[in-house]
Amino acid sequence: MMTISKQRWSVIEETIKSGVTVRFDYQCNLVSVHKIHTDETHMAYIVAINEIPLFGFAKKGHKCYEPLAAVFLCKRLVNTTARVAREIAKERGGKAWLKRKENRHYSEKDVEVTDTFFPTAKTVVNHFRKIEGLTLRSPSELVTEVQGVSVRDEV
């Protein structure tokens, strides 16, 4: 185990991009990042704690809930009324209608969503850099499957 220097993060990013599973230690837990197929032509990166994938939709009380998901998964704000607001704006005057004070609530982001997947290796690295107490494990063996989620490993 070793702490991660700034120069090492670029090496980690390239390793993750290549599809090799990268493992970290965090508070006596094994944290691993895997490259997976989300559909036939798209790839994404998923985080697993002790080889069990983290799911963003799992909230407290759900059987898949993992408290460390709050640390390792990204949160973003989403505008749930965006589609409706665009339709109304087309009928009533476009962007100017949305910018009026009484209509601003249509364009505000109001719901927090936790993402299960990271779209790029860079987003994984940028998020993991902010986590205090994260240490890199030496890449000994490669994992080819994480609890039923197939993972593509390349060397």
Side-chain angles (χ1 to χ4, degrees), residues 1-86 95 98-99 104 106-155:
M1 288 192 293
M2 57 183 133
T3 57
I4 305 166
S5 65
K6 289 183 179 182
Q7 297 83 14
R8 190 101 168 121
W9 279 114
S10 61
V11 174
I12 291 170
E13 182 181 343
E14 291 303 317
T15 305
I16 293 171
K17 266 187 203 173
S18 71
V20 176
T21 299
V22 177
R23 293 181 179 83
F24 301 93
D25 280 318
Y26 182 75
Q27 297 178 351
C28 300
N29 289 299
L30 170 66
V31 179
S32 50
V33 179
H34 306 278
K35 187 175 186 177
I36 63 167
H37 289 278
T38 54
D39 62 30
E40 196 172 300
T41 59
H42 293 98
M43 303 295 284
Y45 301 90
I46 192 167
V47 178
I49 303 281
N50 299 322
E51 302 308 326
I52 299 170
L54 293 179
F55 298 108
F57 64 83
K59 304 297 179 210
K60 247 184 190 167
H62 193 277
K63 66 177 184 171
C64 295
Y65 177 71
E66 172 65 49
L68 288 177
V71 176
F72 288 102
L73 297 180
C74 287
K75 293 182 176 87
R76 62 185 168 97
L77 290 173
V78 178
N79 182 355
T80 55
T81 59
R83 185 180 301 156
V84 175
R86 281 193 299 270
K95 286 185 181 177
L98 283 173
K99 289 182 181 179
R104 282 239 171 104
Y106 285 115
S107 59
E108 291 176 353
K109 296 181 177 183
D110 53 355
V111 176
E112 187 176 73
V113 175
T114 305
D115 290 329
T116 299
F117 301 110
F118 287 90
T120 64
K122 188 162 188 74
T123 56
V124 174
V125 168
N126 287 342
H127 185 71
F128 276 38
R129 267 188 191 156
K130 300 172 192 170
I131 300 171
E132 293 293 323
L134 192 67
T135 56
L136 181 65
R137 272 195 177 186
S138 60
S140 52
E141 76 279 349
L142 299 177
V143 174
T144 57
E145 191 166 302
V146 180
Q147 295 286 2
V149 178
S150 63
V151 179
R152 181 176 160 242
D153 286 332
E154 296 174 1
V155 180

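Heavy atoms only: backbone and side chains are in, while hydrogens, waters and symmetry mates are out. Since the model is a prediction, treat every value here as computed from it, not as a measurement.
Side-chain contact between Phe128 and Val31 is present, with heavy atoms from C-beta onward closer than 4.5 Å. In this structure the side chain of Phe117 never reaches within 4.5 angstrom of the side chain of Pro119, judged on heavy atoms. Residues Cys74 and Arg76 form no side-chain contact, since every pair of their non-hydrogen atoms from C-beta on lies 4.5 Å or further apart. The shortest distance between side-chain heavy atoms of Leu136 and Val22 falls below 4.5 Å. Residues Glu51 and Arg23 form a side-chain contact, since some pair of their non-hydrogen atoms from C-beta on lies under 4.5 Å apart. Using a 4.5 Å heavy-atom threshold, the side chains of Trp9 and Asn126 count as separate.
Within the model, atoms CZ of Phe55 and CD1 of Ile46 stand 5.5 Å from one another, a figure rounded to the nearest 0.5 Å. In this structure, OH on Tyr45 lies 7.5 Å from NZ on Lys17, to the nearest 0.5 angstrom. Ile49 CD1 to Leu30 CG: the interatomic distance, rounded to the nearest 0.5 Å, is 8.0 Å. Distance OG1/Thr80 to CD/Glu108: 11.0 Å, rounded to 0.5 Å. With rounding to the nearest 0.5 Å, the separation of CD1 in Ile12 from CD1 in Ile4 is 4.5 Å. Here the CG atom belonging to Leu73 is positioned 8.0 Å from the CG atom belonging to Asp115, to the nearest 0.5 angstrom.
In terms of the ring-ring contact (aromatic ring centres under 6.0 Å, His included) criterion, residue partners of His62 (sequence neighbours excluded) are, by chain and number, Phe57. In this structure Ser10 satisfies the side-chain hydrogen bond (donor to acceptor under 3.5 Å, both in side chains) test with no other residue, sequence neighbours excluded. Every residue was checked against the salt bridge (Lys or Arg N to Asp or Glu O under 4.0 Å) condition with Arg83, not counting sequence neighbours, and none meets it.
Within a 6.0 Å radius of NZ in Lys59, more than 12 heavy atoms belonging to other residues, nucleotides or ligands are found.
Aromatic ring orientation, Tyr26 versus Phe72: perpendicular (interplanar angle above 60°, classes split at 30° and 60°).
In terms of heavy atoms, Asn79 sits closest to Ala82 at OD1-N, 3.4 Å. Residue Thr116 comes nearest to Gly56 through the heavy atom pair OG1-N, 2.8 Å, listed as atom of the first residue, atom of the second, then distance. Here the closest heavy-atom approach between residue Leu54 and residue Ala69 is recorded as CD1-CA, 4.0 Å. For the pair Ala70 and Lys75, the tightest heavy-atom approach, listed with the atom from each and the gap, is O-NZ, 3.5 Å.
At least one donor-acceptor pair under 3.5 Å links the side chain of Thr120 to the backbone N or O of Thr123. The main-chain N or O of Val20 is never found under 3.5 Å from a side-chain atom of Lys35 such that the two would form a donor-acceptor pair. Between the side chain of Asp39 and the backbone N or O of Thr41, at least one donor-acceptor pair lies under 3.5 Å.
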Residue pair Met43, His37: steps toward the side chain to side chain contact (heavy atoms under 4.5 Å, CB included) verdict
CA-CA 5 Å; Met43 303 295 284; His37 289 278; 3.1 Å; yes
